[in-house]
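Quick caveat, the model's predicted, so the values are computed rather than measured.
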Amino acid sequence: MNAPSPIDTDLAPVPPAEADYAVISRTIDYLSSHPADTQDFGHLARTLGLSERALVEIFRRWCGLTPKTFAQAVALDHARRLLRENASVLDTTFEVGLSAPSRLHDLFVTYDAVPPGIYRARGEGLDMVWGFAPSPFGTAVLVMTRYGLAGLAFADQGGEEAAFEDLARRWPNAGYRRDDAAVAETARRIFDPGRWAPEQPVRLVMIGSQFEIKVWETLLRIPAGTAASYGALARAVGRPTAARAVGRAVGRNPISFVVPCHRVVGAAGALTGYHWGIVRKRAILGWEAGLVAGPG
C-alpha cells in the first residue's frame, strides 16, 4: 500500500453543520447517560458555555429538532415502535423489485460490485483517491475508485489518520493518492439533502464477499425514519438463522451513512454498536428524524 499523505491539521473552511457537531456530540452523550426525568438542559448548556436558548438553536440549525425532541427520536421506545410499524419494510421493497438505477435510498444511490478477483486480491489493481471533507457528523473520510465511492468513514478531532488507515486496511494492495478536492463534490452530494436528486445519483462500488455485498444491498432498502433488526435482515437475504453472520457483515460495511447500517437495531430496539461510535449513530438517526419530520 502506498504511504498515506501527511494529515493536514486545517481542513477549513468548516461549515456550520460540522462546527455544530462538537456541541451536538457532547449533548448526545449527556442525553444517553441521563434518564429523561433527570435531564437538565439549562445545566448542560451552561457546562457547554452556552445559554439554553443557544443550545436549542444549534440543534434546530443542525437537524430541525429541539434537544428534547431529538432525545425522543433516538429513545428505545421509539426504536421499538419503528420496528413494529416497519416489520415488513424489507419484504415490501423486495416485492416491488427495487434495483439499480431505481431509487434505492434517500441519496438516489446506484451501485456496482467490483469483480470478485479484485476483492480476493485485497484491492490489487485498484487506484484509490482519498480525502477529507466536512460533514454534519464531524470530518468525513472518503475513498473513491474509477467505479465510484468505495469507502466513507468518520473521524473525531485528532483521529483523521487512523480513520483513513482503517479504511485502507480493507484493501491493502490498492494504490492510494490523497486529493481532498477530488472527493469534495461527492461529499457535498451526500451530506446536502437539497442535492439528493435522481439526475445526480451517488455511485457506489462495493468491495466485499458475495454475502457481504448482499447484506449491504439490503441495507440500502431501509428508508430513513425506519429501522430493521438483524433478524429481519437475515430473513431478507435468505439466511434466517444467520443473524450473527449478518451482524458481522453489517459491521464490515465500509460506506457509512450512505449504506445505512446505522438503521439496524437490536431485536428489542436497542441501539447496538456502531463502527464509528454509538454517539455518532444516535446523531445520524436524530438528524434523519429531523429530515423526515420536516421543519418544526
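Interatomic distance, Phe154 CZ to Thr139 OG1, rounded to the nearest 0.5 Å: 10.0 Å. One distance of note links OH of Tyr21 with CD1 of Ile58; it measures 14.0 Å at 0.5 Å rounding. To the nearest 0.5 angstrom, Arg280 atom CZ is 7.0 Å from Ser135 atom OG. In this structure, His262 NE2 and Trp287 CH2 are separated by 9.0 Å, a value rounded to the nearest 0.5 Å. Rounding to the nearest 0.5 Å gives a distance of 10.5 Å between CD1 of Ile28 and CD1 of Ile278. Atom-to-atom distance recorded for Glu57:CD and Thr66:OG1 is 10.5 Å, nearest 0.5 angstrom.
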Phe164/Tyr176 under ring pair (Phe, Tyr, Trp, His ring centres under 6.0 Å): CA gap, chis, key distance, verdict: CA-CA 11 Å; Phe164 163 68; Tyr176 291 87; 5.6 Å; yes

side-chain contact (heavy atoms from CB on, under 4.5 Å) evaluation trace for Val264 with Tyr230: CA-CA 7 Å; Val264 182; Tyr230 293 99; 3.5 Å; yes

Residue pair Glu52, Arg46: steps toward the salt bridge (charged side-chain N to carboxylate O under 4.0 Å, His left out) verdict: CA-CA 7 Å; Glu52 186 171 356; Arg46 291 190 295 274; over 6 Å; no

Stepwise side-chain contact (heavy atoms from CB on, under 4.5 Å) test for Ile118 and Glu124: CA-CA 6 Å; Ile118 291 179; Glu124 185 174 0; over 6 Å; no

Worked check of side-chain contact (heavy atoms from CB on, under 4.5 Å) between Gln200 and Phe108: CA-CA 8 Å; Gln200 281 194 317; Phe108 296 91; over 6 Å; no

Leu219 vs Leu233, side-chain contact (heavy atoms from CB on, under 4.5 Å): CA-CA, chis, key distance, verdict: CA-CA 8 Å; Leu219 291 173; Leu233 284 178; 3.8 Å; yes

Chi angles and distances behind the salt bridge (charged side-chain N to carboxylate O under 4.0 Å, His left out) call for Asp29, Arg282: CA-CA 9 Å; Asp29 191 41; Arg282 291 179 184 273; over 6 Å; no

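Considering every non-hydrogen atom in both Thr218 and Ala236, the closest pair reads CG2-CB, 3.8 Å. In terms of heavy-atom proximity, Ile222 sits nearest to Ala228 at CD1-CB, 3.7 Å. Looking at every heavy atom in both residues, Ala133 comes nearest to Leu142 through CB-CD1, 4.1 Å. Considering all non-hydrogen atoms of both residues, Arg263 and Pro223 come closest at NH1-C, 3.2 Å. Across all their heavy atoms, Ala155 and Ala163 have their closest contact at CB-CB, 3.7 Å. Nearest approach of Arg146 to Gly125, heavy atoms of both residues: NH1-O, 4.3 Å.
The pair Asp166-Arg169 counts as a salt bridge, with a side-chain nitrogen and a carboxylate oxygen less than 4.0 angstrom apart. For Glu185 and Arg188, the salt-bridge test passes: some basic side-chain N is under 4.0 Å from an acidic carboxylate O. Between Asp127 and Arg177 there is no salt bridge, since no side-chain nitrogen of the basic residue lies less than 4.0 Å from a carboxylate oxygen of the acidic one. The pair Glu212-Arg248 fails the salt-bridge criterion, with no side-chain N (NZ, NE, NH1 or NH2) lying under 4.0 Å from an Asp/Glu carboxylate O. A salt bridge between Arg170 and Glu165 is absent, with no side-chain N of the basic residue lying under 4.0 Å from a carboxylate O of the acidic one.
Pairs passing the ring pair (Phe, Tyr, Trp, His ring centres under 6.0 Å) check and including a residue from residues 186-222, sequence neighbours excluded, read Phe191-Phe257.
With a 6.0 Å radius and a threshold of 12 heavy atoms from other residues, nucleotides or ligands, Arg252 has its CZ atom at or below the threshold.
Put simply, Phe41 and Phe59 are part of the same group of oily side chains (I, L, V, M, F, W, Y) that touch within less than 4.5 Å, one to the next. Note: the hydrophobic cluster containing Val258 also contains Leu291 (ILVMFWY, side chain heavy atoms under 4.5 Å, direct or indirect links). Ile284 and Val279 fall within a single hydrophobic cluster, where Ile, Leu, Val, Met, Phe, Trp and Tyr side chains are chained together by heavy-atom contacts under 4.5 Å. Clustering ILVMFWY residues whenever any of their side-chain heavy atoms sit less than 4.5 angstrom apart, transitively, puts Leu220 in the very cluster that holds Ile213. Residues Val237 and Val250 fall within the same hydrophobic cluster, defined by Ile, Leu, Val, Met, Phe, Trp and Tyr side chains chained together at heavy-atom separations under 4.5 Å.
Not counting sequence neighbours, Tyr30 has no partner by the side chain to side chain donor-acceptor pair (under 3.5 Å) test. Not counting sequence neighbours, the partners of Tyr274 by the ring-ring contact (aromatic ring centres under 6.0 Å, His included) test are Trp276.
The backbone N or O of Pro172 lies less than 3.5 Å from no partner atom in the side chain of Arg122, so there is not a single donor-acceptor pair. Side-chain N or O atoms of Asp40 include one that pairs as donor or acceptor with a backbone N or O of His43 at under 3.5 Å. No side-chain donor-acceptor contact under 3.5 Å links Thr69 to the backbone of Leu65.
Counting heavy atoms from C-beta on, the side chains of Leu31 and Gln39 come closer than 4.5 Å. Contact annotation: the side chain of Arg178 approaches that of Phe132 to within less than 4.5 Å [non-hydrogen atoms, C-beta and beyond]. Side chains of Met206 and Val114 form no contact here, defined as non-hydrogen atoms less than 4.5 Å apart. Side chains of Arg203 and Asp112 form a contact here, defined as non-hydrogen atoms less than 4.5 Å apart. Within the 4.5 Å cutoff, no side-chain heavy atoms of Ile207 are placed close to those of Pro254. Leu152 is not listed as a side-chain neighbour of Val141, based on a closest heavy-atom distance of 4.5 Å or more. The closest side-chain heavy-atom distance from Leu55 to Val23 is below 4.5 Å.
Screening Val205, Leu204, Asp179, Thr186 for a side chain to side chain contact (heavy atoms under 4.5 Å, CB included) with Met144, the sole residue that qualifies is Thr186.
Between the side chains of His275 and Asn253, no donor-acceptor pair of N or O atoms lies under 3.5 Å.
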